[in-house]
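Below you'll find the structure, written out as structure tokens, and then a few comments.
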Amino acid sequence: MRAPTNLEHMRRSNNIVEDCNNAAVASDEVRTYTELREQIHNDLRLQHPEWIEPSGESPMCDFYEARLSELLGAYA
């Protein structure tokens, strides 16, 4: 079995994005990368309050934010 090409991967990713866009999610339109990072930062903490430590730190959220930045950087 061969590995998917970048084009195949992007098409698959686009299908996922289309599925997410069709989902009933209340969110503001994101116009910049900075806005996207802020929205993800806030949404992760809202969706997973159990990940937030008493100090306000969240290593799990930080991990997911860093991983997403890494993945998005590959397409920049």
Side-chain angles (χ1 to χ4, degrees):
M1 180 176 217
R2 69 176 178 76
T5 65
N6 281 344
L7 183 58
E8 289 170 333
H9 178 73
M10 288 174 63
R11 284 185 182 141
R12 231 178 280 139
S13 297
N14 286 340
N15 288 339
I16 292 168
V17 169
E18 287 174 16
D19 289 344
C20 290
N21 287 339
N22 292 330
V25 176
S27 66
D28 295 326
E29 185 175 327
V30 175
R31 292 186 173 89
T32 67
Y33 179 72
T34 301
E35 289 176 350
L36 175 63
R37 288 186 62 187
E38 289 174 6
Q39 182 175 343
I40 290 167
H41 175 89
N42 294 332
D43 288 349
L44 277 172
R45 283 155 179 76
L46 286 172
Q47 293 172 18
H48 298 283
E50 71 277 11
W51 291 352
I52 301 178
E53 298 174 352
S55 65
E57 297 293 315
S58 179
M60 184 66 79
C61 289
D62 294 343
F63 168 79
Y64 279 109
E65 290 173 29
R67 181 66 179 129
L68 180 62
S69 292
E70 181 182 308
L71 292 170
L72 291 174
Y75 291 102

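These numbers come from the heavy atoms of this one structure, side chains and all, not from hydrogens, waters or symmetry mates.
- In this structure, the separation between CG on Leu72 and CD1 on Ile40 is 6.5 Å, given to the nearest 0.5 Å.
- In terms of heavy atoms, Glu35 sits closest to Arg31 at OE1-N, 2.7 Å.
- Using a 4.5 Å heavy-atom threshold, the side chains of Arg37 and Glu65 count as separate.
- Tyr33 is listed as a side-chain neighbour of Ser69, based on a closest heavy-atom distance under 4.5 Å.
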Which atom pairs, donor and acceptor, lie under 3.5 Å between side-chain atoms of residues 46-54 and protein residues at least two apart or in another chain?
from, atom 1, to, atom 2, distance (Å)
His48, ND1, Glu50, OE2, 3.2

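- His41 places none of its side-chain heavy atoms less than 4.5 Å from the side chain of Cys61.
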